[in-house]
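Accompanying notes for the structure given below.
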Amino acid sequence: MGNIYTVGPNEALVVSGGCCGATTKKTIVGGWAWAWWFVTDVQRLSLEVITIKPRCENVETSLGVQVTVTGVAQIKIMKEEKVLKIASEQFLGMSQEEMMSTILMTLEGHLRAILATLTVEEVYRDRDQFASLVRDVAGMDVGRMGIEILSFTIKDVYDRVEYLTSLGRSQTAAVKRDADIGVALANRDAGIREAECQKTAMDVKYTTDTKIEDNARMFKLQKAQFDTEVNAAQADAALAYELQAAKLKQNIRNEEIQIEVVERRKQIEVEEQEINRKEKELMATIKLPAEAESYRLETIAQGKRTQTVETARAEAERIKRIGEAEAYSVQLVGEAEADRLRMKAQAYKQYGDAAVMAMVLESLPQIAAEISAPLAKTDEILMIGSNDCITNGVTKLVSELPPTVQALTGVDISKLLNKIPGVSGAGVPTTRPAAVAS
């Protein structure tokens with residue numbers, strides 16, 4: 001079994017060892033790790049900023065003057081994995097005081113070495129350059145231990161032989177001397193400057209007076225020019241006023257003409273409205289009644305035409321109905337007559353030639369009557385010719401009688417007469433008229 005270890009961003013968790021004799025080492029920053037019991041070692045390494053105060057006492061400078069220097073440095077362990085592993089090898093298992101002591105001795109050693117190469121004046125006058133030199137030189141050594149120098153400043157520089165005090169006194173005297181010289185030079189320069197200023201002031205005054213006069217002259221010239229322009233502008237304004245007045249009059253006249261045109265248009269519109277009113281009045285009093293009367297007459301005529309057409313249609317329908325009735329009546333009569341004839345034919349067929357002969361004989365008087373009907377109105381028949389001609393005519397007339405009867409009745413008289421005993425084969429007796437009948 002094992003445990004889970006967590007770590008914040010200000011610490012590094014170093015996990016070493018593991019199952020099956022593993023010798024790997026893993027660093028975790030701001031995360032978690034699993035560690036097996038008994039076979040895994042877990043240690044923490046702080047990544048927070050550490051403040052150390054290196055101090056070098058009675059260190060001889062390049063000129064042999066002993067000075068004491070104190071400083072302040074901000075350091076921390078770098079988080080890169082490779083460097084962090086190096087730092088864990090260097091400081092893991094140490095307390096923070098032991099680690100600070102190791103780094104402090106390294107910084108103080110480099111500080112002593114650098115002080116030995118400088119003079120007191122260089123250390124005192126340019127502390128920033130001195131601190132930067134220490135930081136650059138010491139940074140490489142502490143970097144190989146996984147330490148980063150964030151800042152390094154010189155806090156104080158002093159000595160026990162009052163070298164810096166004497167240096168300050170001479171510097172103060174030099175400063176005072178330079179101050180006195182500066183005051184004298186300043187006074188001299190002030191006098192020269194004052195004279196130059198007075199000269200400059202006079203030059204400025206004369207130049208200013210000249211400019212004033214020149215400006216006065218330019219003012220008068222420009223004023224005269226302006227007056228000329230003003231007079232010209234006034235004249236132009238007067239002319240423009242007259243021109244504008246003329247234009248206004250013209251515009252007024254144009255507006256008056258427009259008003260007259262509008263009045264005329266309105267008058268024309270009024271007259272047109274009056275004409276329209278009169279037209280409507282005439283239409284209402286004359287045209288519309290006339291149109292109404294015309295419409296009435298047209299409607300009456302249309303009604304009469306429709307009545308006539310409908311009457312004709314009714315008459316045609318009546319005639320059609322009558323014709324259909326008569327045709328149907330004729331059809332019925334024809335059918336009855338056909339039935340009668342068919343029944344008679346059946347009777348004739350049943351009774352044979354005797355019945356046909358009886359029918360022919362019955363018909364002969366009627367035929368004779370029909371033939372002689374035109375002769376009933378004849379008062380006299382005159383036959384001209386010899387006896388042979390007359391005989392031939394009568395014979396021909398008699399001989400034409402059977403075909404006529406056959407055409408009318410469908411019965412061949414000659415055949416029927418031949419069937420009667422005692423009748424000759426001709427079927428028609430020979431007649432010889434002897435005189436002219438009247």
(message) Quiz question: by atom type and distance under 3.5 Å, do the side chains of Thr51 and Gln74 form a donor-acceptor pair?
(response) yes
(message) For the backbone of Arg55 and the side chain of Glu108, can you confirm whether one donor and one acceptor N or O come within less than 3.5 Å of each other?
(response) yes
(message) Within the 3.5 Å criterion, strictly below it, is a donor on Glu335 or Gln331 matched to an acceptor on the partner's side chain?
(response) yes
(message) Within the 4.5 Å heavy-atom criterion, are Ser95 and Glu98 side-chain neighbours or not?
(response) yes
(request) Would you mind checking if Glu281 and Arg277 are paired as a salt bridge, meaning a charged N to carboxylate O distance below 4.0 Å? (result) yes
(request) Supply the atom-to-atom distance Ile50 CD1 to Leu104 CG, rounded to the nearest 0.5 angstrom. (result) 11.5 Å
(request) Drop me the distance from Thr200's OG1 to Lys205's NZ, to the nearest 0.5 angstrom. (result) 15.0 Å
(request) Flag yes if more than 12 heavy atoms outside Glu324 fall under 6.0 Å of its CD atom; otherwise flag no. (result) yes
(message) I'd like to know if the side chain of Ser329 and the backbone of Ala325 have a donor-acceptor N/O pair within less than 3.5 Å.
(response) no
(request) Measure the shortest side-chain to side-chain distance between Ser62 and Thr117 over non-hydrogen atoms and say whether it is less than 4.5 angstrom. (result) no
(request) Would you indicate whether the side-chain heavy atoms of Val59 and Val69 approach each other to under 4.5 Å? (result) no
(message) Once rounded to the nearest 0.5 Å, what's the spacing between atom CZ of Arg112 and atom CG of Asn58?
(response) 8.5 Å
(message) Could you check whether any side-chain heavy atom of Ile77 comes within less than 4.5 Å of a side-chain heavy atom of Leu84, counting everything from C-beta outward?
(response) yes
(message) Any non-hydrogen side-chain atom of Ile147 less than 4.5 Å from a side-chain atom of Thr106?
(response) no
(message) Does Val72 form a side-chain contact (heavy atoms from CB on, under 4.5 Å) with Phe152? I'd like the steps, not just the answer.
(response) CA-CA 6 Å; Val72 177; Phe152 178 81; over 6 Å; no
(message) Could you check whether Glu317 pairs with Arg321 (Lys NZ or Arg NE/NH1/NH2 to Asp/Glu carboxylate O, under 4.0 Å)?
(response) yes
(request) May I have the step-by-step check of side-chain contact (heavy atoms from CB on, under 4.5 Å) for His110 and Asp141, ending in yes or no? (result) CA-CA 9 Å; His110 285 289; Asp141 282 347; 2.4 Å; yes
(message) Is it the case that atom CZ in Arg265 sees more than 12 heavy atoms from other parts of the structure closer than 6.0 Å?
(response) no
(message) Side chains of Ile75 and Val142, heavy atoms from C-beta outward: is any pair under 4.5 Å?
(response) no
(message) Taking the side chain as everything from C-beta on, heavy atoms only, tell me whether Phe91 gets closer than 4.5 Å to Met94.
(response) yes
(message) Could you check whether Lys211 pairs with Glu213 (Lys NZ or Arg NE/NH1/NH2 to Asp/Glu carboxylate O, under 4.0 Å)?
(response) no
(request) In plain terms, say whether Glu81 and Lys85 are close enough for a salt bridge, that is, a side-chain N and a carboxylate O under 4.0 Å apart. (result) yes
(request) Calculate, to the nearest 0.5 Å, the distance between atoms CD and CD belonging to Glu229 and Gln222 respectively. (result) 10.0 Å
(request) Answer yes when Asp214 and Arg217 have at least one side-chain N-carboxylate O distance shorter than 4.0 Å, and no when they do not. (result) yes
(message) Under a 3.5 Å cutoff, is there a donor and acceptor pairing between the side chains of Asn254 and Gln250?
(response) yes
(request) Please assess Asp209 against Ile212 for the test side-chain contact (heavy atoms from CB on, under 4.5 Å), listing each intermediate value before the final yes or no. (result) CA-CA 5 Å; Asp209 293 340; Ile212 290 172; 4.2 Å; yes
(request) Salt-bridge test for Glu196 and Lys199: reply yes if a basic N is under 4.0 Å from a carboxylate O, no otherwise. (result) no
(request) Drop me the distance from Glu271's CD to Glu269's CD, to the nearest 0.5 angstrom. (result) 11.0 Å
(request) Provide the closest heavy-atom pair for Leu107 versus Ala138 in the form atom of the first, atom of the second, distance. (result) CD2-CB, 3.5 Å
(request) Identify the two heavy atoms, one from Lys76 and one from Leu150, that lie closest to each other, and give their separation to 0.1 Å. (result) CD-CD1, 3.8 Å
(message) Is any side-chain heavy atom of Leu332 closer than 4.5 Å to one of Tyr328?
(response) yes
(request) Show the numbers, then the answer: is there a side-chain contact (heavy atoms from CB on, under 4.5 Å) between Asn215 and Phe219? (result) CA-CA 6 Å; Asn215 290 334; Phe219 171 73; over 6 Å; no
(message) Which heavy atom of Met78 sits nearest to which heavy atom of Gly143, and what is that distance?
(response) CE-O, 4.1 Å
(message) Does this structure show an ion pair linking Arg313 with Glu310, if we count only N-O contacts that are shorter than 4.0 Å?
(response) yes
(request) Measure across Ala73 and Pro54 and return the closest heavy-atom pair with its distance rounded to 0.1 Å. (result) N-CD, 4.3 Å
(request) Grab the two heavy atoms, one from Gly146 and one from Val83, that are nearest each other, plus how far apart they are. (result) CA-CG1, 3.3 Å
(message) Is it the case that atom CZ in Arg193 sees more than 12 heavy atoms from other parts of the structure closer than 6.0 Å?
(response) no
(message) Just to verify, which of Asp156, Leu111, Ile154 counts as forming a side chain to side chain contact (heavy atoms under 4.5 Å, CB included) with Thr70?
(response) Asp156
